[in-house]
*Asks:* 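Next up is a structure, given as structure tokens.
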Amino acid sequence: MPTAPAPFTADDYQARMERAAQAAADAGLAGVLIAPGPDMVWLTGYRPPAETERLTMLVLAAGQEPVLVVPTLEAPDAEKAAGAPALTLRDWTDGKDPYAVTAPLLDVDGRFGVSDNTWALHLLGIQGQLPGTTYTPLTACLPMLRGVKDAHELERLAAAGAAADATYEEIKKVRFAGRRELEVAGDLADLLRQFGHEQVDFTVVGSGPNGANPHHEAGERVIEHGDMIVLDFGGLMHGYGSDTSRTVHVGEPTDEERKVHDIVRQAQEAGCAAVRPGIACQEVDRAARAVIDEAGYGEYFIHRTGHGIGVTTHEPPYMIEGEEQPLVPGMCFSVEPGIYLPGRFGVRIEDIVTVTQDGGRRLNATDRELAVVE
């Protein structure tokens, strides 16, 4: 297995926090409030207990030292986080009002960006202390905060993509016919972990008519000879995401099945070929969608062409009509057109692509032709 990448340093996290604070100021915000979740992990390296109801909040503002408000009983773990040397910890004990601790850190009339998964309980508690404050989600005000990856992040994303590719190469060797979708999904999860993933987020196995549901959850259906099967799987490796889709067929496909698969393959190729700095995200969607529309299957392509990926497997930017965000070198996202024929079968092909200085580079390299499995 490849050597794990070097861990991020306190300097890395400090630079991210400074960038976030400055981006907030440039957007006319008084600062950003970061609750436990992917934004906090990316900014500080700290991952609080997942189920805690106690307030934990990172406060960032330009010209102000970063402050992490934490419960006293969790402060020792926060102090061990890689980014802790770049911020100040302010703890509060049970029985005290955590919002009274947080309020003095904020502009009393400021407008703040807040991480999307912030509990309403905590946001309303802070607003109760500071009724003049207002809030907007980070996806709305700073959608590209994590959107452009540095070289170390790209290294992790490439490693995750290679692990997903290795998983696909191995899954093609297993028997499909006569087994339940859930069994194949279990094989996918085991292989992702075998090749280095610490977290499996999804293992879609859509066989036969189930393949016409893009987010079908693997179930009890027994896979049959003659089935088209959509495989879509990914998770986190070294803290960064993988996400790839390939469509396989049990036994020899019909001419129609080959035709539909080839249309999707051409659409995916067109979407990837469109990637270059400066174009709007929607142009990637348009390029892929045009191929499917021209072939007469436009009504059966029922989702966006792609989504960003990083410390989560789905995040901005989104490759969809109306998204005018320009592509920037370092952005990473999926290109995954599909055709879904209700009651019959579906086809999807997906790679993660990163924007380079003069185009795009795929982080998945497995064969995109229709694979025949047993």
Side-chain angles (χ1 to χ4, degrees), residues 1-26 31-50 52 56-71 74-91 105 113 115 117 138 142-163 196-199 235-242 308-313 315-316 328-332 352 354-357 361 363:
M1 188 174 295
T3 305
F8 295 119
T9 67
D11 288 343
D12 293 323
Y13 291 113
Q14 181 177 0
R16 291 176 186 177
M17 287 188 280
E18 289 175 351
R19 178 162 29 120
Q22 188 57 53
D26 292 344
V32 292
L33 307 180
I34 306 297
D39 292 317
M40 183 170 287
V41 174
W42 183 76
L43 286 162
T44 69
Y46 178 47
R47 190 184 301 274
T52 184
T56 301
M57 184 75 71
L58 175 67
V59 180
L60 300 176
Q64 178 178 308
E65 185 174 17
V67 178
L68 180 62
V69 179
V70 295
E74 291 163 12
D77 288 333
E79 290 171 348
K80 297 174 185 176
L87 52 79
T88 296
L89 290 179
R90 187 162 298 182
D91 65 324
L105 304 172
S115 47
N117 57 333
L138 286 185
L142 297 175
M144 290 298 106
L145 182 61
R146 304 195 319 254
V148 179
K149 277 65 180 180
D150 64 25
H152 299 297
E153 293 180 291
L154 290 173
E155 177 187 6
R156 287 162 169 78
L157 284 160
H197 280 60
E198 66 267 10
Q199 177 177 312
L236 298 183
M237 180 172 167
H238 308 310
Y240 281 75
S242 68
I309 190 169
V311 293
T312 58
T313 49
E315 62 185 44
V328 177
M331 285 182 176
C332 292
I352 299 302
T354 183
V355 184
T356 64
Q357 294 298 324
R361 175 171 66 94
L363 300 186

*Asks:* Closest heavy-atom contact between Pro143 and Pro316?
*Replies:*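 Between these two residues, the closest heavy atoms are O-CB, 3.5 Å.
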
*Asks:* Using 0.5 Å steps for rounding, measure from the CZ atom of Arg156 to the NE2 atom of His152.
*Replies:* 8.0 Å

*Asks:* Can you tell me how far the CZ atom of Arg19 sits from the CG atom of Asp26, to the nearest 0.5 Å?
*Replies:* 12.5 Å

*Asks:* When rounded to the nearest 0.5 angstrom, what distance separates OG1 in Thr312 from OH in Tyr240?
*Replies:*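 Rounded to the nearest 0.5 Å, the OG1-OH separation comes to 10.0 Å.
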
*Asks:* Can you give me the closest heavy-atom contact between Met17 and Gly83, atom names plus distance?
*Replies:* CE-O, 4.2 Å

*Asks:* With side chains defined as the heavy atoms from C-beta onward, is the minimum distance between Leu145 and Val32 less than 4.5 Å?
*Replies:*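 The answer is no, as the side chains (C-beta and beyond) never meet within the 4.5 Å cut-off.
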
*Asks:* Taking the side chain as C-beta and beyond, is there a heavy-atom pair between Leu60 and Leu87 under 4.5 Å?
*Replies:*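 A side-chain contact is absent here, since even the closest heavy-atom pair is not under 4.5 Å.
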
*Asks:* First locate atom CD1 of Ile352, then atom CD1 of Ile309, and finally report the distance between them rounded to the nearest 0.5 Å.
*Replies:*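 Interatomic distance, Ile352 CD1 to Ile309 CD1, rounded to 0.5 Å: 4.0 Å.
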
*Asks:* Does Thr354 reach the side chain of Leu154, with side-chain heavy atoms less than 4.5 Å apart?
*Replies:* yes

*Asks:* Indicate the atoms forming the closest heavy-atom contact of Ala20 with Leu142, along with that distance.
*Replies:*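 Heavy atoms only, the tightest pair is O-CD1, 4.5 Å.
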
*Asks:* Taking all heavy atoms of Asp91 and all of Pro71, pick out the closest pair and write down the distance.
*Replies:* CB-C, 4.4 Å

*Asks:* Please lay out, stage by stage, how Leu33 and Val59 fare under the test side chain to side chain contact (heavy atoms under 4.5 Å, CB included).
*Replies:* CA-CA 5 Å; Leu33 307 180; Val59 180; 4.0 Å; yes

*Asks:* Nearest heavy-atom pair of Ala159 and His238: which atoms, and what distance?
*Replies:* CB-CD2, 4.5 Å

*Asks:* Could you tell me whether the side chain of Gln22 and the main chain of Ala62 form a donor-acceptor pair under 3.5 Å?
*Replies:*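 No; judged by distance alone, with no hydrogens or angles, the pair does not exist.
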
*Asks:* Enumerate the residue pairs fulfilling salt bridge (Lys or Arg N to Asp or Glu O under 4.0 Å) with a member in residues 74-88, sequence neighbours excluded, ordered by first and then second residue.
*Replies:* none

*Asks:* Of all heavy-atom pairs between His197 and Ser242, which one has the smallest distance, and what is that distance?
*Replies:*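 Distance-wise, the nearest heavy atoms are NE2-OG, 2.7 Å.
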
*Asks:* After noting the C-alpha distance and the side-chain angles of Glu65 and Arg90, does the key distance pass the salt bridge (charged side-chain N to carboxylate O under 4.0 Å, His left out) rule?
*Replies:* CA-CA 12 Å; Glu65 185 174 17; Arg90 187 162 298 182; over 6 Å; no

*Asks:* Side chains of residues 35-48: which donor-acceptor pairs under 3.5 Å do they make with residues two or more places apart or in other chains?
*Replies:*
{"residue": "Asp39", "atom": "OD1", "partner": "Arg146", "partner atom": "NH1", "Å": "2.3"}
{"residue": "Trp42", "atom": "NE1", "partner": "Glu153", "partner atom": "OE2", "Å": "2.8"}
{"residue": "Thr44", "atom": "OG1", "partner": "Met40", "partner atom": "O", "Å": "2.7"}
{"residue": "Thr44", "atom": "OG1", "partner": "Tyr46", "partner atom": "N", "Å": "3.0"}

